[in-house]
Protein chains: 4
Amino acid sequence: MKLFVEKGIEGTTTREIAEAAKAGEGTMFRHYKSKEDLAWHLFDENLTRFVKELEDDIQRYSTTHQKLRAMVEKCYALFETDRILTSYLLLSEHTAARRMPTDYKTPISILLALVKQGQTQGELRPMDPHLAAALVFGAILRVTIFKIYGSIDRDLREMVDEVTDSCWKMIQV
Amino acid sequence: MKLFVEKGIEGTTTREIAEAAKAGEGTMFRHYKSKEDLAWHLFDENLTRFVKELEDDIQRYSTTHQKLRAMVEKCYALFETDRILTSYLLLSEHTAARRMPTDYKTPISILLALVKQGQTQGELRPMDPHLAAALVFGAILRVTIFKIYGSIDRDLREMVDEVTDSCWKMIQV
Amino acid sequence: MKLFVEKGIEGTTTREIAEAAKAGEGTMFRHYKSKEDLAWHLFDENLTRFVKELEDDIQRYSTTHQKLRAMVEKCYALFETDRILTSYLLLSEHTAARRMPTDYKTPISILLALVKQGQTQGELRPMDPHLAAALVFGAILRVTIFKIYGSIDRDLREMVDEVTDSCWKMIQV
Amino acid sequence: MKLFVEKGIEGTTTREIAEAAKAGEGTMFRHYKSKEDLAWHLFDENLTRFVKELEDDIQRYSTTHQKLRAMVEKCYALFETDRILTSYLLLSEHTAARRMPTDYKTPISILLALVKQGQTQGELRPMDPHLAAALVFGAILRVTIFKIYGSIDRDLREMVDEVTDSCWKMIQV
DNA sequence: TATGAATGAGAGTTCATTCAT
DNA sequence: GATGAATGAACTCTCATTCAT
């Protein structure tokens with residue numbers, strides 16, 4: 001995954017993968033049909049797990065604000081724990097991500113549901129929920145990109161409240 | 001550029017480029033040292049022009065809110081006029097983009113300056129200007145991605161005010 | 001053998017062989033030194049047995065015509081009983097067949113001896129015995145190829161006499 | 001073609017082909033889509049030409065015996081002129097040969113037509129024409145195989161009359 | 001003795017780049 | 001200056017063979 005994030009899937013050779021895995025060149029192909037297949041499994045399994053955890057976290061809270069905060073927290077915790085995984089799941093747009101079926105559950109679909117619910121409950125102002133989700137999701141994730149590029153230094157977990165509140169302002173009633 | 005956006009730089013062959021340009025296979029190499037060099041020039045020249053126009057647009061206004069609005073308007077006008085160019089300059093993370101020197105003037109650096117100035121003038125609340133820029137830039141751009149994926153239907157130029165105001169809420173005093 | 005005939009020896013993978021034999025991938029190598037070795041044993045043992053039976057059959061008759069008939073009958077009986085074996089032993093030109101020592105006893109060498117004897121006994125007209133053997137052997141076997149390709153429908157065992165007589169005409173006094 | 005005949009199509013590497021052609025490894029792929037495609041074109045073009053010449057030769061004669069003789073002569077002339085081509089077109093059963101459409105004009109289909117015509121004209125005895133063709137074609141070709149293996153020494157062109165007459169006996173009235 | 005995961009040499013193929021025309 | 005045939009390094013992937021279990 002490290003290689004895929006750093007050099008892209010196309011840009012990573014199967015030989016490099018084998019070396020990184022300290023395995024023979026052909027070994028990968030006993031486990032995955034192709035390089036693309038490996039990339040897809042890496043994406044699919046990790047995203048599924050992340051989404052499940054994300055749902056669990058959100059479920060614990062009742063207000064939309066709290067749920068949003070949980071989401072930001074989850075994303076930034078993942079980032080500080082495993083930057084590569086975050087990049088692979090949330091920041092890169094690779095071939096693997098394009099294989100997703102349209103009904104796939106993703107962080108975006110969860111955020112969208114959250115927004116719709118918040119609007120129904122009158123916590124959020126009426127607006128195109130897709131627009132709201134786009135604004136919030138973009139804001140949250142771009143912070144991680146800035147951190148990667150070094151513009152932001154602080155541990156993102158310290159910034160959860162600040163980011164949550166900023167996003168909240170965009171969508172609250 | 002269309003090919004680069006659709007299939008990635010690595011994923012585009014020089015033969016495809018030649019075909020699309022209705023030129024011979026070797027012709028490209030008389031104008032650019034390599035495929036990567038072409039990608040870089042395509043990026044560099046267009047970004048420079050866009051940034052210049054963006055600066056001109058912003059300059060016309062005095063308040064930070066107006067300037068921010070001008071920026072959103074410029075980005076969304078570009079998107080609706082030339083999606084491919086927008087993708088190539090603002091949405092894709094390709095090798096070409098990584099060649100940029102650190103002191104390069106980009107939409108982000110312009111936004112950052114705008115935020116700093118707004119904070120000095122007391123229009124924006126005190127906060128890490130990088131964080132503010134990240135939140136705003138992320139919000140603005142993610143809307144275009146949603147539009148590309150079809151979640152948003154409207155012409156983005158109609159949404160300039162709504163997006164500007166939403167972003168403004170995140171950073172205003 | 002089925003796989004070897006259908007896809008060639010080179011074209012058959014050891015994994016396919018293992019599957020077909022309902023054995024593990026490595027098991028074959030405990031019995032044969034290599035895939036080629038398996039192919040050779042399969043060829044050698046079956047050809048030896050077939051040649052022995054062929055000799056026995058021929059021995060039962062005294063006239064050359066009868067012996068020739070016995071040979072045709074034997075070949076066509078084998079074909080109708082076991083097409084794959086016939087293909088493997090008589091029709092395919094594979095690596096295994098090329099391993100044969102020059103003094104190897106084959107259907108051809110038997111036919112050649114038969115022709116020589118027939119000429120000595122004055123039943124066959126004087127001619128290069130190799131030419132005679134070639135003509136007869138070619139005629140007999142090509143019928144099976146036509147049958148495989150579907151140009152001939154009848155059971156070859158019904159055609160033994162017609163084929164024998166046709167061949168006989170080529171070589172009789 | 002030499003390599004294909006000697007080692008089979010599967011058994012010949014593209015590297016060997018390039019070396020034999022004194023060309024780079026990639027050059028072949030500018031002219032043919034794949035190794036199999038090269039094999040097919042080599043087969044198709046040469047067989048088409050040979051069949052055309054064969055038809056021309058046969059056309060010159062009026063009696064079936066003469067036509068048959070022309071066919072034998074043509075095959076053996078090809079053999080003595082270009083053994084490799086003969087092997088590739090007439091003796092090997094390779095993947096390329098299997099690509100042939102069923103309505104393809106081949107030496108066999110020509111021989112079959114010749115037999116049918118001869119039977120209609122009363123020159124040949126009544127029998128399954130496919131059987132007749134198989135017997136004759138097998139006899140003619142097996143002689144070349146014997147020559148390749150060294151059992152027959154003479155120039156096949158000297159043997160045209162003998163082979164023709166032998167075959168004739170099988171099918172004449 | 002049988003297994004099947006691991007191996008790595010080598011296969012077919014692609015494609016950025018060169019250069020004679 | 002433009003071309004496109006030729007190139008060969010490097011790619012993904014296959015598969016006969018090995019060997020620890």
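Chain letters run A, B, ... following the sequence lines, proteins first and then strands; every chain starts at 1. Since we're looking at a predicted model, the values are computed, not measured.
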- Task: Spell out, as yes or no, whether a donor-acceptor pair under 3.5 Å connects the side chain of Asn46(B) to the backbone of Leu42(B).
- Result: yes

- Message: Looking at every heavy atom in both Cys75(A) and Phe50(A), which two are closest together, and how far apart are they?
- Response: SG-CZ, 4.3 Å

- Item | Criterion salt bridge (charged side-chain N to carboxylate O under 4.0 Å, His left out) on Lys2(B) and Glu6(B), from CA distance to verdict | CA-CA 6 Å; Lys2(B) 190 161 180 269; Glu6(B) 279 166 7; 3.6 Å; yes

- Determine yes or no for a side-chain-to-main-chain donor-acceptor pair under 3.5 angstrom, with Lys105(D) supplying the side chain and Thr48(D) the backbone. no

- Would you give the length of the straight line joining atom CD1 of Ile9(C) to atom CD of Glu10(D), rounded to the nearest 0.5 angstrom? 11.5 Å

- Query: So how far is it from Leu54(C) CG to Arg49(C) CZ, rounded to the nearest 0.5 Å?
  - Reply: 12.5 Å

- Query: Please walk me through it: do Glu80(B) and Lys147(B) pass salt bridge (charged side-chain N to carboxylate O under 4.0 Å, His left out)?
  - Reply: CA-CA 10 Å; Glu80(B) 295 294 354; Lys147(B) 168 107 200 207; 3.3 Å; yes

- Note on the structure: Sorted by number, residues from residues 8-19 of chain A placing a heavy atom under 4.0 Å from DNA chain E are none

- Does anything in residues 25-38 of chain A reach DNA chain F, meaning a heavy atom under 4.0 Å, and if so which residues? Glu25(A), Gly26(A), Phe29(A), Ser34(A), Lys35(A)

- Message: Using only atom types and a distance under 3.5 Å, with no angle test, would you say the side chain of Lys35(C) pairs donor to acceptor with the backbone of Thr12(C)?
- Response: yes

- Return the minimal non-hydrogen interatomic distance between Ile84(A) and Val5(A), and the atom names on each side. O-CG2, 3.6 Å

- Query: Taking 5' to 3' order, which nucleotide of DNA chain F is first and which is last to have an atom within less than 4.0 Å of a heavy atom in chain D?
  - Reply: dG4(F) to dA10(F)

- Minimum-distance pair of heavy atoms, taken over all atoms of Ile148(A) and Leu91(A): CD1-CD1, 3.6 Å

- Task: Please list all pairs passing the side chain to side chain donor-acceptor pair (under 3.5 Å) test where one or both residues lie in residues 85-100 of chain C, with sequence neighbours left out.
- Result: none

- If one requires at least 3 consecutive Watson-Crick or G-U pairs with distances under 3.5 Å, the stems of DNA chain F turn out to be E:2-21 with F:2-21

Side-chain polar contacts of residues 23-32 of chain B - donor-acceptor pairs under 3.5 angstrom, sequence neighbours left out - could you list them?
residue, atom, partner, partner atom, Å
Thr27(B), OG1, Gly24(B), N, 3.4
Thr27(B), OG1, Gly24(B), O, 3.4

